[in-house]
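Chain naming here is simple, since letters A, B, ... match the order of the sequence lines and numbering starts at 1 in each.
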There are 2 protein chains.
Amino acid sequence: MCQLLGMNCNVPTDIVFSFTGFAMRGGRTDTHHDGWGIAFFEGAGVRHFVDHQAAVDSPVATLIKTYPIKSRNVIAHIRKATQGEVALENCHPFVRELWGRYWVFAHNGDLKAFDPVLDGAFRPVGTTDSERAFCYLLQELRRRFGDTRPALAALEAALAELVPAIAAHGTFNMMLSDGTALFAHCSTSLHYLVRQHPFDTAILSDEDVRVDFSQVTTPNDRVAIIVTQPLTTNERWTAFGPGELLCFVDGLPQQRS
Amino acid sequence: MCQLLGMNCNVPTDIVFSFTGFAMRGGRTDTHHDGWGIAFFEGAGVRHFVDHQAAVDSPVATLIKTYPIKSRNVIAHIRKATQGEVALENCHPFVRELWGRYWVFAHNGDLKAFDPVLDGAFRPVGTTDSERAFCYLLQELRRRFGDTRPALAALEAALAELVPAIAAHGTFNMMLSDGTALFAHCSTSLHYLVRQHPFDTAILSDEDVRVDFSQVTTPNDRVAIIVTQPLTTNERWTAFGPGELLCFVDGLPQQRS
């Protein structure tokens, strides 16, 4: 199994604090040492970092922890291999283009006997069940909506049909974003919190680090953090229910229409 | 205009030396300060770094200069914007998946009135003529060969037809790789050299750095470096002819069959 970290905000925000705690689980406070990755949207562009070294040992992870890249949508992943060898092409998150936008996807879990027909438009490069699921999701979205991105509600409704069919094959905790919204689905474990005014101090559970967010934010900032296991000891995290799919926009989970 | 740097080798090799000189042109020894990027193949996987800061100021470029990522195929680019604003989504190289492999592309030049019909399979995310040309190339390759990657000779023959049609719209110095071969086309300026046994010392032209490659190689290593303008002062670089398309495999330009 692996661990997931996502961030969705109303203004570009850096993820240094959360990533610092999360990366400790990549080989130090937890055993996810078979690679890691992170993708940051900046406008329509994506910065994509993957490494098959453990996150605690990776010079690229050190860069992320010290270089405050500001983004409104981030997805990160630390890997403990279940399917697919330890290789760069099997590191999450994966990136593909659909409708003239990049899509980023990461998965925690294990899919059994998941072998959908892929028509060739999106084909896995590596050998994971996860990348297969991502390619299938994009293929089916394109099949439903053709060459034009639908409105968010239609997209969410389509995912609400497609995702459970994949999740039926096993465990499918996943995050998916096109840079405007972040979708998160829970099979077994996913938690979120929304940080907004009045901001307070947060204390990491995996390392002796605390940040007083009131010093580094404006009253209008709103940041949702979504993660496999809560990252801080003094904040109230909300657990997803099994089978729950949430869509985050501007730092808030949307009410399903 | 921009500058391009490519490397194609028979064994995984780091590009620290060449990138160090090349990155100086991103704002110091030359004026290409509108972003930069580099993509390294590792097996079928790709490490892709882009930044819209000047390469000389970029913490990510500093990482590349100090962290020896070993790769058999690398494409790098420093940008001076001609078409498309300075934004992350307009930074080269671009990456897409075709036939279950990642393809990496970078372009130096300017295409006028280049507006091909794109059927939606590969669509630009940014606003550059370059990404449009890349999407068109992949679309046409897929149209010719369907869902299966052809043999290298057939691929090269197809590119030898497609590339001149694009180049007719202006200047199309470009590099393209799927991690097995590196294709390079020259409209106006491209040079290459092949380093192989017996290796010697090379001296950068853009910074006071020299490397004795005999100390860091084995007699079997072979490395082709392809670049807009020669990077070293004491080696013999071969200039591409206008309209010349070369395919590099295992560190050698292939003879067209």
Report task. Against chain B, label A:A44 side chain, backbone, both or neither, depending on which of its atoms sit under 4.5 Å from a heavy atom there. Result ->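 Both backbone and side chain.
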Query raised in the report: Of the non-hydrogen atoms in A:C91 and A:W36, which two are nearest, and what is the gap between them?
Result: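 Here A:C91 and A:W36 meet closest at CB-O, 4.1 Å.
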Report task. State, to 0.1 Å, how close B:F17 and B:V211 come at their nearest heavy-atom pair, and which atoms those are. Result ->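 Where B:F17 meets B:V211 most closely, the heavy atoms are CD1-CG2, 3.2 Å.
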Query - Passing candidate, side chain to side chain donor-acceptor pair (under 3.5 Å) with B:N8, options B:D250, B:N73, B:T13, B:T180 - result: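 The passing option is B:N73.
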**Report entry** Contacting moiety of B:Y102, where chain A heavy atoms sit under 4.5 Å
**Finding:**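 For B:Y102, the contact with chain A is made by backbone and side chain together.
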Query raised in the report: Which bit of B:R101 comes within less than 4.5 Å of chain A, counting heavy atoms only: side chain, backbone, both or neither?
Result: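 Only the backbone of B:R101 comes within 4.5 Å of chain A.
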Query raised in the report: If you count heavy-atom pairs under 4.5 Å with chain A, which of B:T62, B:L88, B:V95 comes out on top?
Result: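 The option with the most such pairs is B:L88.
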**Report entry** Part of residues 115-126 of chain A lying next to chain B, heavy-atom separation under 4.5 Å
**Finding:**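 Within residues 115-126 of chain A, the residues under 4.5 Å from chain B are A:D119, A:G120, A:A121, A:F122, A:R123, A:P124, A:V125.
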Query raised in the report: Any salt bridge between B:D129 and B:K112, counting N to O under 4.0 Å?
Result: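 No, no charged N to carboxylate O under 4.0 Å.
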Requested in this report: For A:I15 and A:L5, run side chain to side chain contact (heavy atoms under 4.5 Å, CB included): C-alpha distance rounded to whole Å, both residues' side-chain angles, the deciding distance at 0.1 Å, then the answer.
Outcome: CA-CA 10 Å; A:I15 198 168; A:L5 169 65; 3.9 Å; yes
Requested in this report: Please say which of B:F114, B:F172, B:F105 ends up in a ring-ring contact (aromatic ring centres under 6.0 Å, His included) with B:F134.
Outcome: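 Testing B:F134 for a ring-ring contact (aromatic ring centres under 6.0 Å, His included) against B:F114, B:F172, B:F105 leaves exactly one candidate, B:F105.
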Report task. Between chain B and each of A:H48, A:R47, A:H52, count heavy-atom pairs under 4.5 Å; write down the option with the most. Result ->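 When all of A:H48, A:R47, A:H52 are compared, A:R47 has the most.
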Report task. Please determine, by modelled atom types, if A:E131 and A:H92 share a side-chain donor-acceptor pair under 3.5 angstrom. Result ->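 The criterion, which ignores hydrogens and geometry beyond distance, is not satisfied for A:H92 and A:E131.
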Query raised in the report: Do you see a donor-acceptor pair shorter than 3.5 Å between the side chains of B:T128 and B:N90?
Result: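 On atom types as modelled, these side chains do not qualify, holding no pair under 3.5 Å.
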